[in-house]
Every structure is written in structure tokens, then in C-alpha cells.
Amino acid sequence: MLPALTMGDPAGIGPELTALAWKASQERNDAFLWIGDPVLLKGLVPVRIVLSPEEAAAVFRDAVPVMPITLPKPVVPGQPDGAMAPGIIGSIEMATRLALEGSVSAVVTNPISKFVLKEAGFGFPGHTEFLASLCGVAGEEIMMLASPRLRVVPVTVHVSLRNALEMLSIQRIVQVGRALAQALRQDFGLAQPRIAVAGLNPHAGEGGVMGMEEQTIIQPAIEALRRDGVDVTGPYPPDTLFTDLARPLYDAALCMYHDQALIPLKTLDMATGVNVTLGLPIIRTSPDHGTAFSIAGKGLADPASLLAALSMARDLGTQRVASKERLS
């Protein structure tokens, strides 16, 4: 099986990335199926309409295999339009359905614009929450950013910093920690994964002088995870957790809020960072960048992160199958 790649926001760099990814993958025949409006790829790469994922692999060397989604009007690169929202959503829905049916190995998502979809009435903060709802596991979704140099998981994600502090709890940290440990075993092939937990406050609270959350919330969660058999340590001062000396000591860092996790990952490895959604019955990856409307249609898009997302989707799919076989 091959992964399905969604359209993303058609006014962003998704179409260019798709074309560049096909050119880079063509020689290796690392096939994928694209779900989008074929007009978007016109003039960039050859396109072949297919009716099923089974047809896609056979045509991939010659053209991008496309299961079509028709948009209501022409797209202007760099000019997002709420009229495209049904097509953007439809592409995600089709890819997810195919993955749930077992027709594709994974879902890889091109970037979407949250504000475009919100203005069109989309009721989810982003891709991750929407995919969880489509998969019937709303509330269990967890975002990981992964690269060859670092894996990070934020406990709270697409909320304001003020709301993130209010949402932080022992229960939430334990829930995310358990899911992370399971994913590292099942999808990343780590028999005994090591998880390092970041503190919330400067110097991890410095014994309560700079905040009590480490003592009242984070440490009790760590102890609960240890009782579950998870190899977890911390809480560590966030300003030293991501140094060259610290990173080899753990397999993933559990962070307290969005930017605490994503800033070090993107600083270290923006080009090949990949967004992975844990807690789903399907595999989902995506590039770790956005729609980049400001450069759309200008030939400046870098496909490195999308290629990394496609590669990781294939690797995770292979590893998940192997894990199931070991358990059967």
C-alpha cells in the first residue's frame, strides 16, 4: 500500500510541494496518491486520474496519480479563499476514509490555513483535532514533532498560553505520556523508550521559588507514569533539555505547551521536521510548516519537510505492521 497525500490549502504551497515531491520520488518509485483538484498541478507535472489507490502505484512513474476533488473556481496562489474550504475538508475526509478502510497505508497532509477554514465554519482548531473526530477518537489525539535530531510532544497544543496553563493537569500529562510511550514502542520500534519531561517554570521551578507546578502537577504525573512501567525522568529545566549534551539521553521530550516543544525542534531541524499525530487508529504525518501564502506560486517552496513526512509515513506503516505481527 501507499500513503495518501491531501490537497491542503490550494492557494498555499501545497500544489508546488506535491509536484516537487513527485519529481523527487519518481525515480525511486516511492509512490503516493494525491487527493485534490488536478487543475492545480497543470503545467507543473503530468497527472493521471485514478479511481482507486490500487491504480496509483502502476502509474506513479509516469504521472501523479490523482483521485480528484473539484474546486468551485480558479485558485490564485497566495490569495486564500473561503470558497475552497469544502474541497480542502473533502480531501482530508477522503484520505482518512481510505486509511480507515485499509486502502492506503497512511495519511500525509499538506498544510491548511486555520483562519480560512474557521471563517467558513470549520469547527476544529486544526488538522489534528479534525482527524481524531473522523477516526472516532476525539480527545485522544496527540501531536508529535519528530526529526532525526529530536522528538517532542506538547501536553497542551492549539490554545493560548493562558489557557494552556489552566488546562495543565496530572491527568493530562499522564494521558499524553502513556500514549507517547505506546507510540514509541509500536510505531518507532523502541522496546524501552526513554521520555524526558520538561518543567513549566524557569529552572523547573527551582524548588518552588519560581513556581509550584513542578511539585504539584508534573512530579505526581511522572510518578504515576513510572508506576505504569514507563521510563520517564524529570522535570528538567526547559532551557537545558534540548542541548547537544542532553538530547542523546532520551528518545522523546514531553513538553508542557506548544512553543516549548516546537521552538527547539524547528530551530534544530526545520527542513526535515515532521508532524506525527499519535493516538489515532491510522498513521498521519505532515510537514512541520504552514501554507506559506507569501511565496506560493513563486517557485520558492522547499519540499524537504514533505518528503520527510512521506518517508516517515512509510516507515511508521512498516513498523506498525511488524509490531502487530510480533503481538499476534
Side-chain angles (χ1 to χ4, degrees), residues 3-28 30-49 60 62-92 95 107-120 122 126-127 145 147 262-263 265-275 285-313:
L5 175 62
T6 67
M7 177 170 61
D9 193 302
I13 59 174
E16 296 166 72
L17 293 178
T18 299
L20 292 168
W22 176 75
K23 290 176 181 177
S25 303
Q26 181 190 19
E27 291 300 319
R28 301 190 302 271
D30 285 338
F32 59 83
L33 167 70
W34 191 62
I35 301 174
D37 192 329
V39 173
L40 297 171
L41 302 184
K42 185 177 180 181
L44 298 175
V45 287
V47 170
R48 188 81 56 82
I49 303 298
F60 190 81
D62 301 316
V64 178
V66 179
M67 290 184 70
I69 295 281
T70 303
L71 296 174
K73 60 182 181 178
V75 173
V76 179
Q79 297 185 24
D81 187 339
M84 307 302 172
I88 297 168
I89 294 167
S91 175
I92 301 166
V107 174
V108 181
T109 54
N110 265 311
I112 59 172
S113 168
K114 297 176 180 63
F115 82 84
V116 169
L117 294 184
K118 184 176 181 180
E119 288 184 350
F122 186 66
H127 258 134
L145 270 288
S147 81
L262 272 63
I263 287 173
L265 186 288
K266 292 187 177 185
T267 300
L268 287 167
D269 222 346
M270 180 73 178
T272 57
V274 175
N275 186 337
T285 67
S286 74
D288 73 346
H289 56 70
T291 52
F293 291 127
S294 63
I295 64 168
K298 298 179 180 179
L300 300 175
D302 181 355
S305 188
L306 177 57
L307 287 167
L310 286 163
S311 177
M312 184 170 289

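Given the structure is predicted, the values throughout are model-derived calculations rather than measurements.
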Approximate separation, where rounding is to 0.5 Å, of [X] [atom1] and [Y] [atom2]:
{"X": "His127", "Y": "Thr109", "atom1": "NE2", "atom2": "OG1", "answer": "4.0 Å"}
{"X": "Leu300", "Y": "Glu16", "atom1": "CG", "atom2": "CD", "answer": "8.0 Å"}
{"X": "Asp37", "Y": "Lys42", "atom1": "CG", "atom2": "NZ", "answer": "11.0 Å"}
{"X": "Ile263", "Y": "Leu145", "atom1": "CD1", "atom2": "CG", "answer": "12.0 Å"}
{"X": "Asp288", "Y": "Asp269", "atom1": "CG", "atom2": "CG", "answer": "8.5 Å"}

Identify the heavy atoms of [X] and [Y] that sit nearest to each other, and give their distance.
{"X": "Ala95", "Y": "Val107", "answer": "O-CG2, 3.5 Å"}
{"X": "Val64", "Y": "Trp34", "answer": "CG1-CB, 3.9 Å"}
{"X": "Pro15", "Y": "Leu41", "answer": "O-CD2, 3.5 Å"}
{"X": "Ser25", "Y": "Leu307", "answer": "OG-CD2, 3.8 Å"}
{"X": "Phe32", "Y": "Phe60", "answer": "N-CE1, 3.4 Å"}
{"X": "Phe293", "Y": "Ala11", "answer": "CD2-O, 3.5 Å"}

Name the atoms and distances for all side-chain donor-acceptor pairs under 3.5 Å in residues 66-88, with sequence neighbours left out.
from	atom 1	to	atom 2	distance (Å)
Lys73	NZ	Asp81	OD2	2.8
Asp81	OD1	Ala83	N	2.9

task: Output, in order, the C-alpha distance, side-chain angles, deciding distance and verdict of side chain to side chain contact (heavy atoms under 4.5 Å, CB included) for Leu5 and Leu306.
output: CA-CA 10 Å; Leu5 175 62; Leu306 177 57; 3.8 Å; yes

Any side-chain heavy atom of [X] sitting closer than 4.5 Å to one from [Y]?
{"X": "Ser147", "Y": "Leu265", "result": "yes"}
{"X": "Asp302", "Y": "Met270", "result": "no"}
{"X": "His289", "Y": "Ile13", "result": "yes"}

Is there a donor-acceptor contact under 3.5 Å from the side chain of [X] to the main chain of [Y]?
{"X": "Asn110", "Y": "Thr6", "result": "yes"}
{"X": "Ser305", "Y": "Gly273", "result": "yes"}
{"X": "Gln26", "Y": "Asp62", "result": "no"}

message: More than 12 heavy atoms of other residues, nucleotides or ligands under 6.0 Å from NZ of Lys266: yes or no?
response: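 Atom NZ in Lys266 is crowded, with more than 12 foreign heavy atoms closer than 6.0 Å.
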
